[in-house]
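Here is the naming used below: chain letters follow the sequence lines, and residue numbers restart at 1 for every chain. Please read these numbers as outputs of a predicted model, since none were measured by experiment.
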Number of protein chains: 2
Amino acid sequence: MMLISTKGRYALRVLIDMAEHSGNDYIKLKDIAERQEISEKYLESIVKQLVSNKILTGLRGKGGGYKLAKTPDEIVVGDVLRLMEGSLAPVACLEDKPCPRVAECRTLEFWRGLDETIRRYADSFTVADLMRTDNAGFDYII
Amino acid sequence: MMLISTKGRYALRVLIDMAEHSGNDYIKLKDIAERQEISEKYLESIVKQLVSNKILTGLRGKGGGYKLAKTPDEIVVGDVLRLMEGSLAPVACLEDKPCPRVAECRTLEFWRGLDETIRRYADSFTVADLMRTDNAGFDYII
DNA sequence: TTTTTTCCCAGTATATCAGTATGTTGATAT
DNA sequence: ATATCAACATACTGATATACTGGGAAAAAA
């Protein structure tokens, strides 16, 4: 199993791409799709969620496209991933299925800790951090 | 998506159950299945992998069952989860698909850091740690 | 040799992922 | 007005994985 699907990964790549190519103009999805080598049609479904969650704004027609609704340093990676994946919970028993064995469960605290660890890591980066090319700043928490 | 499926979760519960009920005898899967309220048939497939990886030993026939092949403090949770899940990699591009955009990828280091964070957490616990009932010791790394 | 319990192989329903296809709405330029 | 451009909307599809179930064979003990 995998925690993060293409939706989350592509969403981040789109946001970074837009941040790197941001002027005053709207950016066409077609251009992003070409640069990132991702199907434009598939990106539509991803970008749609980013728009409805006020991370991007869209404009139709000629000269239209998408624009960041926030500055890159205001976009928290954890927020983007939770939005795209629905949740970053590493196990089902932390969300959809509150299992009935909670009282006797020896593993629950372990999962809570894992969840918290992931959350802290993902929330400690913004899109601005990901734009860095020198690969510094990614020292995970010791 | 979810990082850990029932295979990983059930495997841990089986190991903790066995550690808590361990004497000199082999423990029947039927008993574990009843205590844990998990289908015995499904547990078979899980336990099979634990046996072939020397975490458990099995014995057939009357008086048979399963036994821990190591002491609980020798069984690292991360090892069990990696075994059952195949991998704990949070994204596909860290394993099956070494993506061709590595050189230009702005997100790769972020994923590496997440992977490492998860690995460190999971490897910092043993089955013996999970047996504790006081819920202490699960302070995730600050 | 019968019972017990692990071991082995195969199949199945459901869901999710990753993507495609077809069209509609709205903004701008001519 | 109307043609064009690009976002927006809906529906569908193939592949894969999860979470099981079922039937039986092998081995160990009574």
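For the pair Y26(B) OH and dA28(D) P, the computed distance is 11 Å after rounding to whole Å. R13(A) has its CZ atom 13 Å from the P atom of dA18(C), to the nearest Å. A straight line from CD of Q49(B) to P of dC8(C) spans 13 Å, rounded to a whole angstrom. Straight-line distance from the CE atom of M2(A) to the P atom of dC17(C): 12 Å, rounded to whole Å. Distance NZ (K28(B)) to P (dT6(C)): 8 Å, rounded to an integer number of Å. Rounded to an integer number of Å, the gap from CD1 of I46(B) to P of dT6(C) is 14 Å.
The side chain to side chain contact (heavy atoms under 4.5 Å, CB included) search around K30(B) returns E34(B), E40(B), not counting sequence neighbours. Here E104(B) pairs with nothing under the side-chain hydrogen bond (donor to acceptor under 3.5 Å, both in side chains) rule; sequence neighbours left out. Taking the side chain to side chain contact (heavy atoms under 4.5 Å, CB included) definition, one finds that S45(B) meets it with K7(B), Y42(B), sequence neighbours left out. Partners of D17(B) according to the side-chain hydrogen bond (donor to acceptor under 3.5 Å, both in side chains) rule, which considers only residues two or more places apart in sequence or in another chain, are R35(B), Q36(B). Annotation: side chain to side chain contact (heavy atoms under 4.5 Å, CB included) contacts of K67(B) (sequence neighbours excluded): Y26(B), T57(B). By the side-chain hydrogen bond (donor to acceptor under 3.5 Å, both in side chains) test, E44(A) is found to be paired with K41(A), residues two or more places apart in sequence or in another chain being considered.
Counting only residues at least two apart or on different chains, no salt bridge (charged side-chain N to carboxylate O under 4.0 Å, His left out) pair has a member in residues 56-66 of chain B. Residue pairs satisfying the side chain to side chain donor-acceptor pair (under 3.5 Å) criterion with at least one member in residues 46-56 of chain A, sequence neighbours excluded, are absent.
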*Base-contact (B) and sugar-phosphate-only (S) positions in nucleotides 17-24 of chain D, heavy-atom cut-off under 4.0 Å, - elsewhere*: -SBBBBBB
Solution key, residues 72-95 of chain A side-chain donor-acceptor pairs under 3.5 Å, sequence neighbours excluded:
from   : atom 1 : to      : atom 2 : distance (Å)
D73(A) : OD1    : T71(A)  : OG1    : 2.8
E74(A) : OE1    : T71(A)  : N      : 3.0
E74(A) : OE1    : T71(A)  : OG1    : 3.1
D79(A) : OD1    : R82(A)  : NH2    : 3.0
R82(A) : NH1    : D123(A) : OD1    : 3.4
R82(A) : NH2    : D123(A) : OD1    : 2.7
R82(A) : NH2    : D123(A) : OD2    : 3.3
E85(A) : OE1    : S5(A)   : N      : 3.4
E85(A) : OE1    : S5(A)   : OG     : 3.2
E85(A) : OE2    : S5(A)   : N      : 3.0
E85(A) : OE2    : S5(A)   : OG     : 3.0
E85(A) : OE2    : G8(A)   : N      : 3.0
S87(A) : OG     : A89(A)  : N      : 2.8
S87(A) : OG     : E95(A)  : OE1    : 2.9

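The stretch residues 61-70 of chain A comes close to DNA chain D through G61(A), K62(A), G65(A), Y66(A), each having a heavy atom under 4.0 Å from the strand.
Comment: E116(B) does not engage R112(B) in a salt bridge, judged by the lack of any side-chain N to carboxylate O separation of less than 4.0 angstrom.
An angle of 0°, rounded to 10°, separates the two end axes of the helix from dT1(C)-dA30(D) to dT30(C)-dA1(D), each defined over five pairs.
Mapping I38(A) and V47(B) onto DNA chain C by nearest heavy atom places V47(B) at the nucleotide closer to the 5' end.
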